[in-house]
**Q** 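Would you mind keeping the following structure in view while I ask a few things?
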Amino acid sequence: MAGLSLKHIYKVYDGRNTNKKKSVRALIKKVRGKSEPKPTVEKRSGKFVAVKDFNMEIEDGEFIVFVGPSGCGKSTTIRMIAGLEDISGGELYIDGVLVNDVAPKERDIAMVFQNYALYPHMTVHQNIAFALKLRKLPVAKVDKEGKPVFAIDKKKIRELKDKLEVVGYDAEYAESEADKEMLLQRRQSLEKELDYYTQTPVQAYKYKKMPKSAINEKVEWAAKILGIEELLDNKPAEMSGGQRQRVALGRAMVRGPKVFLLDEPLSNLDAKLRASMRQEIVKLHNELKTTFIYVTHDQVEAMTMGTRIVVMKLGVVQQIDTPTNLYDFPDNKFVAGFIGTPQMNFMDVTIKKAAKKLAVTFANGQTLKLDLAQLRKIDGKYLDGEEHEVALGVRGEHIRIAETGNANSLKTTLSVKEVLGNTTQMFVKLTDGGQDYIVCVLDRNDYRSGDPVKITFAEKNVHLFDKESEISIMDREVGNN
């Protein structure tokens, strides 16, 4: 088990430029510090910033979910953690150890892929046990008298020399004096460590394969947890997609890694099986108490599985928070629209403070007066008595059908009604030919397409975003002066 620290992580795909390292550093310098959250793309050279300035501290035992649309950089980030992608800039620590230059096999990480990657000619038992059969465990060398054998560790010396070469190259093309100084300090630390291992004999080890009995014990332990004990003699072709995914999880479990990485592992399953596998993975995390990092584009998976969620867009982290906080307090319009099913309704409105009310004027000219004391606190510059154009967001379940005679309501027209059994979804329009907005109500009703429908909002659940930056202009606490 281990915690992770990601500090100013960048991933730049350099394209056709011959001096790869130098051009990557230059591009990081170019995009760093800009307020525009879009990655920089230079089409002629093919350079592209896939992940920009990713910063996060992951505690030991957390279940972290990376979520976002396709191409947002979530899979690239998890591949950098695994060591399958080089880190263009920044530092990655696992259990307090810098691993930028550490080979994937030495990071003590297990990864579960989307396509299962099982060996079709092997049984379930053989698939799960395969990595264990290849693993060699260190055993301290002793002489004939049983005393420890000490020797110069040539393998460690080679590794340190390789790291020194990489750090020296990075320092040559560092984009700032601060980064250069940091890399020089790393080089000094590595040189000191190299001197020690060059001059000091250390405990010598020999490597032996894991005993067959120990392998069988681990395989049976994983199979019991995953409920596939009766499938150990089957081959992948004889199993369903969900059973294959459990085998892939079992193969990762028996290694006893510090961190589990799961890259969209449920994408190939049908909806019902995905729901059941979500529960199985959460149970597995609770039992193993190991750090899990899970990648998905499905926000339902993210909301139901993660202790914390990282929402990404175009390589930039938009918000890191708990599922409920993301739902209730999105930092910007993108997060608000991406998290939640059905999607949040957005309306372009004009707001103006009028005494203890907030007058909200919609595109069709209607005005709804909201109680400022019931709204979450709004940035004071928008309450100066002048009109301000903003985007209003409200979820379907927070829109109410107004009581008869309520003058402070919004007139809409019903387009379509969907009766789902436990809820009714009503699609309404403010203007003819305009956008549909969804209203979710628990009770069934007699409204038909074309009927007028008056609606109001649950004021504490209203969201307001700056029209230009799309950043939320509201705090988390309710009540405005």
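Being a predicted model, the structure only gives us computed values, none of them experimental. Each residue takes its place number in the sequence, starting with 1.
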**Q** Measuring only between side-chain heavy atoms, which start at C-beta, is Leu266 closer than 4.5 Å to Arg278?
**A**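 Of all side-chain heavy-atom pairs linking Arg278 with Leu266, at least one is under 4.5 Å.
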
**Q** Please determine if Lys7 forms a cation-pi arrangement with Tyr93, meaning its NZ or CZ atom is less than 6.0 Å from the six-membered ring centre and no more than 45° off the ring axis.
**A**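 So Lys7 does make the cation-pi contact.
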
**Q** Classify the ring geometry of His285 against Phe292: parallel below 30°, tilted from 30° to 60°, perpendicular beyond 60°.
**A**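 Because their plane-to-plane angle is over 60°, the rings of His285 and Phe292 count as perpendicular.
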
**Q** Is it true that Glu477 and Lys377 have a side-chain N and a carboxylate O under 4.0 angstrom from each other?
**A**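 The answer is yes: the pair qualifies as a salt bridge.
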
**Q** Would Thr456 and Ser409 count as having a side-chain donor-acceptor pair, cut-off 3.5 Å?
**A**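 No - no donor-acceptor pair under 3.5 Å links their side chains.
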
**Q** Is there a side-chain contact between Gln279 and Val282 (heavy atoms, below 4.5 Å)?
**A**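 Not in contact.
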
**Q** Please test Ile128 against Val247 for side chain to side chain contact (heavy atoms under 4.5 Å, CB included), starting from the C-alpha separation and ending with a verdict.
**A** CA-CA 7 Å; Ile128 296 175; Val247 176; 4.0 Å; yes

**Q** Between Asn345 and Val394 (side chain of the first, backbone of the second, donor and acceptor by atom type, cut-off under 3.5 Å), is there such a pair?
**A**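 Between the backbone of Val394 and the side chain of Asn345 there is a qualifying donor-acceptor contact (under 3.5 Å).
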
**Q** Carefully, step by step, assess Asp263 and Tyr294 under the rule side-chain hydrogen bond (donor to acceptor under 3.5 Å, both in side chains).
**A** CA-CA 6 Å; Asp263 191 2; Tyr294 188 101; over 6 Å; no

**Q** Using salt bridge (Lys or Arg N to Asp or Glu O under 4.0 Å) as the criterion, list what pairs up with Asp321, not counting sequence neighbours.
**A**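 Here the qualifying residues are Arg476.
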
**Q** Any ion pair linking Asp328 and Arg395 (charged N to carboxylate O, less than 4.0 Å)?
**A**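 Not counted as a salt bridge, because no side-chain N and carboxylate O are separated by less than 4.0 Å.
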
**Q** Could you walk me through whether Asp101 and Arg186 pass the side chain to side chain contact (heavy atoms under 4.5 Å, CB included) check?
**A** CA-CA 12 Å; Asp101 306 320; Arg186 277 179 59 190; 3.1 Å; yes

**Q** Are Phe66 and Phe54 close enough, and set up right, to give a ring pair (Phe, Tyr, Trp, His ring centres under 6.0 Å), and what steps lead you there?
**A** CA-CA 12 Å; Phe66 294 168; Phe54 192 110; 5.6 Å; yes

**Q** Can you tell me if Thr412 uses its side chain to pair, donor with acceptor, with the backbone of Val453 under 3.5 Å?
**A**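 Here the side-chain-to-backbone pair exists.
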
**Q** Indicate yes or no: at least one non-hydrogen side-chain atom of Ile225 is less than 4.5 angstrom from one of Glu287.
**A**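 Yes. Closest side-chain heavy atoms under 4.5 Å.
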
**Q** Glu85 and Thr76: side-chain donor and acceptor closer than 3.5 Å?
**A**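 There is no such pair (donor and acceptor under 3.5 Å, judged by atom type) between the side chains of Glu85 and Thr76.
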
**Q** Return yes if a side-chain donor-acceptor contact under 3.5 Å exists between Ser472 and Asp331, otherwise no.
**A**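 There is no such pair between these side chains.
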
**Q** Could you check whether any side-chain N or O of Lys11 sits under 3.5 Å from a backbone N or O of Asp86, counting only pairs where one atom can act as donor and the other as acceptor?
**A**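 A pair under 3.5 Å: yes.
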
**Q** Identify the heavy atoms of Leu118 and Arg244 that sit nearest to each other, and give their distance.
**A**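 Smallest interatomic distance, heavy atoms only, reads CD1-O, 3.8 Å.
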
**Q** So, Asn332 versus Gln318: side-chain donor-acceptor pair below 3.5 Å or not?
**A**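 Gln318 and Asn332 do have a side-chain donor-acceptor pair below 3.5 Å.
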
**Q** For the backbone of Ile473 and the side chain of Asp379, can you confirm whether one donor and one acceptor N or O come within less than 3.5 Å of each other?
**A**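 The answer is no, because no donor-acceptor pair under 3.5 Å joins these two groups.
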
**Q** Is there a donor-acceptor contact under 3.5 Å linking the side chains of Asp53 and Asn55?
**A**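 Yes, Asn55 and Asp53 have a side-chain donor paired with an acceptor closer than 3.5 Å.
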
**Q** Would you indicate whether Leu420, at its atom CG, is surrounded by more than 12 heavy atoms from other residues, nucleotides or ligands within a distance under 6.0 Å?
**A**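 More than 12 heavy atoms, drawn from other residues, nucleotides or ligands, come within 6.0 Å of this atom.
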
**Q** Considering residues at least two apart in sequence or located in another chain, which fulfil the ring-ring contact (aromatic ring centres under 6.0 Å, His included) criterion with Phe334?
**A**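 Per chain and number, Phe334 pairs via ring-ring contact (aromatic ring centres under 6.0 Å, His included) with Phe338.
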
**Q** Looking at Lys258 and Asp95, does any basic side-chain N land under 4.0 Å from a carboxylate oxygen?
**A**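 The answer is yes: the pair qualifies as a salt bridge.
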
**Q** Show, in sequence, the C-alpha distance, side-chain angles and deciding distance for Glu387 and Lys352, and conclude whether the salt bridge (Lys or Arg N to Asp or Glu O under 4.0 Å) test is met.
**A** CA-CA 5 Å; Glu387 290 188 346; Lys352 181 180 180 180; 5.2 Å; no

**Q** Does the Lys74 side chain pair with the main chain of Gly68, one donor and one acceptor, at a distance under 3.5 Å?
**A**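 At least one qualifying donor-acceptor pair exists.
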
**Q** Are more than 12 heavy atoms, taken from residues, nucleotides or ligands other than Glu238, located less than 6.0 Å from that residue's CD atom?
**A**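 Atom CD in Glu238 is packed in, count exceeds 12.
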
**Q** Given side chains that start at C-beta, do those of Phe260 and Leu249 come closer than 4.5 Å, heavy atoms only?
**A**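 They are not in side-chain contact.
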
**Q** Please check this pair: side chain of Arg251 against backbone of Ala131, looking for a donor-acceptor N/O pair closer than 3.5 Å.
**A**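 Absent.
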
**Q** Crowded around Asn286 CG? As in, over 12 foreign heavy atoms under 6.0 Å?
**A**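 Enclosed.
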
**Q** Minimum heavy-atom separation for Arg107 to Ile81, with atom names?
**A**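 Looking at all heavy atoms of both residues, the shortest contact is NH1-O, 2.9 Å.
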
**Q** Assess Lys333 against Phe346: is NZ or CZ under 6.0 Å from the centre of the six-membered ring, and within 45 degrees of the ring's axis?
**A**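 Because its charged atom sits under 6.0 Å from the ring centre and within 45° of the axis, Lys333 does stack over Phe346.
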
**Q** Taking the six-membered ring for Trp and the full ring for Phe, Tyr or His, determine whether the centres of Phe48 and Tyr13 are under 6.0 Å apart.
**A**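 When the ring centroids of Phe48 and Tyr13 are compared, they turn out to be at least 6.0 Å apart.
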
**Q** Counting C-beta onward and ignoring hydrogens, is there a side-chain heavy-atom pair between Lys417 and Thr424 closer than 4.5 Å?
**A**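 A side-chain contact exists here, since the closest heavy-atom pair is under 4.5 Å.
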
**Q** So, does Gln343 use its side chain to make a donor-acceptor pair with the main chain of Gly337 at under 3.5 Å?
**A**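 Checking the backbone N and O of Gly337 against the side chain of Gln343, a donor-acceptor pair under 3.5 Å is found.
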
**Q** Any ion pair linking Arg274 and Glu301 (charged N to carboxylate O, less than 4.0 Å)?
**A**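 Salt bridge: yes.
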
**Q** Val311 and Leu326: side chain to side chain contact (heavy atoms under 4.5 Å, CB included), yes or no, with the steps?
**A** CA-CA 9 Å; Val311 183; Leu326 284 175; 3.9 Å; yes

**Q** Is it the case that more than 12 heavy atoms not belonging to Glu403 sit under 6.0 Å from its CD atom?
**A**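 Atom CD in Glu403 is not packed in, count stays at 12 or less.
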
**Q** Which heavy atom of Met474 sits nearest to which heavy atom of Leu464, and what is that distance?
**A**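 Closest approach of Met474 to Leu464, heavy atoms only: SD-N, 3.2 Å.
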
**Q** Could you give the distance from OH (Tyr327) to OG1 (Thr341), rounded to the nearest 0.5 Å?
**A**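 The distance works out to 8.5 Å.
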
**Q** Identify the heavy atoms of Pro257 and Asp108 that sit nearest to each other, and give their distance.
**A**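 Smallest heavy-atom distance, with atoms named: CA-OD1, 3.5 Å.
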
**Q** State, yes or no, whether a side-chain contact exists between Met80 and Val51 at a heavy-atom distance under 4.5 Å.
**A**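 A side-chain contact under 4.5 Å exists here.
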
**Q** Is the backbone of Gly340 close enough, under 3.5 Å, to the side chain of Gln299 for a donor and an acceptor to pair up by distance?
**A**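 Looks like yes, one N/O pair under 3.5 Å.
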
**Q** Would you say His297 and Glu264 are linked by a side-chain donor-acceptor pair, where the criterion is simply a distance under 3.5 Å?
**A**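 Side chains of Glu264 and His297: pair found under 3.5 Å.
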
**Q** Keeping the roles fixed (side chain from His398, backbone from Cys440), state whether a donor-acceptor pair exists under 3.5 Å.
**A**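 A pair under 3.5 Å: no.
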
**Q** Looking only at heavy atoms, which two atoms of Leu288 and Met253 are closest? And how far apart?
**A**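 Nearest pair, atom of Leu288 first, then Met253: CD1-CG, 4.0 Å.
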
**Q** Can you pull out every salt bridge (charged side-chain N to carboxylate O under 4.0 Å, His left out) where at least one residue sits in residues 340-351? Sequence neighbours excluded, please.
**A**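 Sorted pair list comes back empty.
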
**Q** Going by side-chain contact (heavy atoms from CB on, under 4.5 Å), Met56 matches just one of Leu4, Ile64, Ile9. Which one?
**A**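 Only one option passes, and that is Ile64.
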
**Q** List the steps and the verdict of side-chain hydrogen bond (donor to acceptor under 3.5 Å, both in side chains) for Ser415 and Asp436.
**A** CA-CA 8 Å; Ser415 298; Asp436 276 326; 3.0 Å; yes

**Q** State, yes or no, whether a side-chain contact exists between Val390 and Val349 at a heavy-atom distance under 4.5 Å.
**A**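 A side-chain contact exists here, since the closest heavy-atom pair is under 4.5 Å.
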
**Q** Would you say the side chains of Ser5 and Glu57 form a donor-acceptor pair under 3.5 Å?
**A**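 A donor-acceptor contact under 3.5 Å links the two side chains.
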
**Q** So, for Ala110 and Ala252, which heavy atoms are closest and what is the spacing to 0.1 Å?
**A**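 That would be CB-CB, 3.6 Å.
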
**Q** Can you tell me if Gln425 uses its side chain to pair, donor with acceptor, with the backbone of Gly396 under 3.5 Å?
**A**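 Between the backbone of Gly396 and the side chain of Gln425 there is no qualifying donor-acceptor contact (under 3.5 Å).
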
**Q** Would you mind reporting whether Val65 and Thr296 have side-chain heavy atoms less than 4.5 Å apart?
**A**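 With C-beta onward as the side chain, the pair touches.
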
**Q** Would you compute the distance between atom CD of Glu459 and atom CZ of Arg400 and round it to the nearest 0.5 angstrom?
**A**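 Nearest 0.5 Å value for the CD-CZ distance: 11.0 Å.
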
